[in-house]
Amino acid sequence: MSGGERYQEFDPPPALRPWVRVIWTYAAPEPSRTVQRIAPDGCPELVVDVGDPYEELHDDGVFRLQPPRIFAGQMTRPLAIRPVGPVELVAVRFHPDGARDWLGAPLSAATDRRLDMTGRTTDLCVPPGDAEGQAAAVVAWLDRQRRTGDWSIDPLVRAEVEALQAERPTPPRDAAALRALQRRFLDRVGVSPRALKSVFRFRRVFDHAAEDQAAGWLEAGLAAGYFDQPQMARDFRRFLGCTATDWAREQVELARAIASQSYKPPSAADA
């Protein structure tokens, strides 16, 4: 990173760990006007802009300014954004099934959407220019939300999410059990188990590319579980709207920063 650009991650405290995966901060005082394609990772996020919000490309081809505080649900289609001024933000990356009780609504209501959370976060004060202070402010605010709410984890959904993340086989289920699981996934995660599995596989391409920078996209895709290049190429089109080569050539700043971070599930010793 250059020009004062920074990306930092902070572990949540034990009290929040069942719901929150990581707190991360990002700043770019002089960003380019480059359109940035954000890769899905299977995790919904609360994003609080301290600097200028991004513009988002909508289906009608028009860029519109995002609200300064948003909840971003699961992604199943391309998301393209661009900065309009100095960027500084702090974000809560929830576990795939961790945001339901904070949001207070089925996660399917936020799939492929960025919901305006400005009214929900009026009592959240985030100091500018201080990554550690920003993370601490968000953690304290979120923990107050947890203590006054009735947060829980659906053990069946969590077990399925962890199995999908770790690429473990899931138990056989009859048609009725599968339908029930899908309903619970739409409520707690926002997408079906099959869709989440596809996102995890796509995310692993970036993990393998970050681990072995000498390897090409095909090698990273094969290591992530794709059968061949055409299969991986279809998911690049599906999730990012471009080819792997185009993404690597065009992406800078926030898109590249978050794509270079590993989203592997924590080990049992860390959980």
Side-chain angles (χ1 to χ4, degrees), residues 1-10 20-41 43-75 77-94 99 102-103 110-142 145 239-242 246-261:
M1 295 185 184
S2 60
E5 186 184 5
R6 64 164 169 81
Y7 176 94
Q8 292 178 256
E9 292 190 347
F10 302 88
V20 176
R21 190 164 201 169
V22 73
I23 312 294
W24 60 273
T25 67
Y26 176 77
E30 298 180 357
S32 69
R33 288 279 290 172
T34 304
V35 174
Q36 301 178 30
R37 301 176 188 273
I38 304 301
D41 57 37
C43 297
E45 294 187 324
L46 171 66
V47 182
V48 176
D49 282 300
V50 183
D52 292 339
Y54 283 84
E55 289 182 327
E56 178 179 336
L57 180 63
H58 289 253
D59 292 340
D60 59 4
V62 176
F63 278 93
R64 296 185 178 89
L65 202 63
Q66 290 181 333
R69 300 183 173 192
I70 60 173
F71 178 79
Q74 295 285 351
M75 289 171 51
R77 61 188 185 189
L79 168 63
I81 59 175
R82 68 185 181 191
V84 299
V87 173
E88 186 174 11
L89 59 86
V90 58
V92 178
R93 182 176 298 140
F94 291 94
W102 177 82
L103 185 63
T111 300
D112 288 319
R113 298 179 64 193
R114 269 58 64 190
L115 305 181
D116 188 349
M117 291 289 115
T118 307
R120 281 278 305 270
T121 59
T122 54
D123 58 339
L124 172 57
C125 299
V126 181
D130 177 6
E132 289 80 6
Q134 291 166 358
V138 168
V139 163
W141 177 83
L142 201 60
Q145 301 265 311
F239 292 124
L240 287 175
C242 64
D246 288 342
W247 188 92
R249 181 177 61 248
E250 297 171 0
Q251 297 318 296
V252 296
E253 298 164 358
L254 178 62
R256 185 171 291 280
I258 60 176
S260 67
Q261 307 305 309

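The figures that follow rest on heavy atoms only: side chains count, while hydrogens, waters and symmetry mates do not. For reference, positions follow the sequence shown, starting with 1. All values derive from a computational prediction rather than experimental measurement.
We find the CZ-CG distance between Arg114 and Leu79 to be 4.5 Å, quoted to the nearest 0.5 Å. Note that the CD atom of Glu45 and the CD atom of Gln74 stand 10.0 Å from one another [nearest 0.5 Å].
For Asp130, the side chain to side chain donor-acceptor pair (under 3.5 Å) test picks out no residue, with sequence neighbours left out. Considering only residues two or more places apart in sequence or on other chains, Val139 meets the side chain to side chain contact (heavy atoms under 4.5 Å, CB included) condition with Pro13, Leu16, Ile23. Every residue meeting the side chain to side chain contact (heavy atoms under 4.5 Å, CB included) condition with Asp246, not counting sequence neighbours, appears here in chain and number order: Cys242, Thr243, Arg249, Glu250. The salt bridge (Lys or Arg N to Asp or Glu O under 4.0 Å) check on Arg82 picks up Glu55, with sequence neighbours excluded. Here Gln66 pairs with Glu56 under the side chain to side chain donor-acceptor pair (under 3.5 Å) rule; sequence neighbours left out. For Phe10, the ring-ring contact (aromatic ring centres under 6.0 Å, His included) criterion is met by no residue, not counting sequence neighbours. Residues satisfying the side chain to side chain donor-acceptor pair (under 3.5 Å) test with Gln134, not counting sequence neighbours, are Glu88. Checked against side chain to side chain contact (heavy atoms under 4.5 Å, CB included), Pro31 has the following partners two or more places apart in sequence or in another chain: Ala28, Pro83, Val87, Glu253. Listed by chain and residue number, nothing satisfies the salt bridge (Lys or Arg N to Asp or Glu O under 4.0 Å) test with Asp112 (two or more places apart in sequence, or in another chain). For Arg37, there are no side chain to side chain donor-acceptor pair (under 3.5 Å) partners, not counting sequence neighbours.
Looking at every heavy atom in both residues, Arg69 comes nearest to Thr121 through NH1-O, 2.6 Å. Across Asp116 and Thr118, no two heavy atoms sit closer than the pair OD1-OG1, 2.6 Å. The minimum heavy-atom distance linking Val35 with Ala80 is given by the pair CG1-CB, 3.8 Å. Of all heavy-atom pairs spanning Ala137 and Pro127, the tightest one is CB-CD, 4.2 Å. Residue Leu103 comes nearest to Ala110 through the heavy atom pair CD2-CB, 4.5 Å, listed as atom of the first residue, atom of the second, then distance. When every heavy atom of Thr25 is checked against every heavy atom of Ala131, the shortest pair comes out as OG1-CB, 3.5 Å.
Side-chain contact between Leu124 and Val48: present, with at least one pair of heavy atoms (C-beta onward) separated by less than 4.5 Å.
Annotation: salt bridge (Lys or Arg N to Asp or Glu O under 4.0 Å) contacts involving residues 58-67, sequence neighbours excluded, comprise Asp60-Arg64. Within the structure, every pair that satisfies the ring pair (Phe, Tyr, Trp, His ring centres under 6.0 Å) test and touches residues 43-72, not counting sequence neighbours, is listed here: Phe71-Trp102.
Just one residue in the list Arg6, Glu5, Gln8 forms a side chain to side chain contact (heavy atoms under 4.5 Å, CB included) with Tyr26, and that residue is Glu5.
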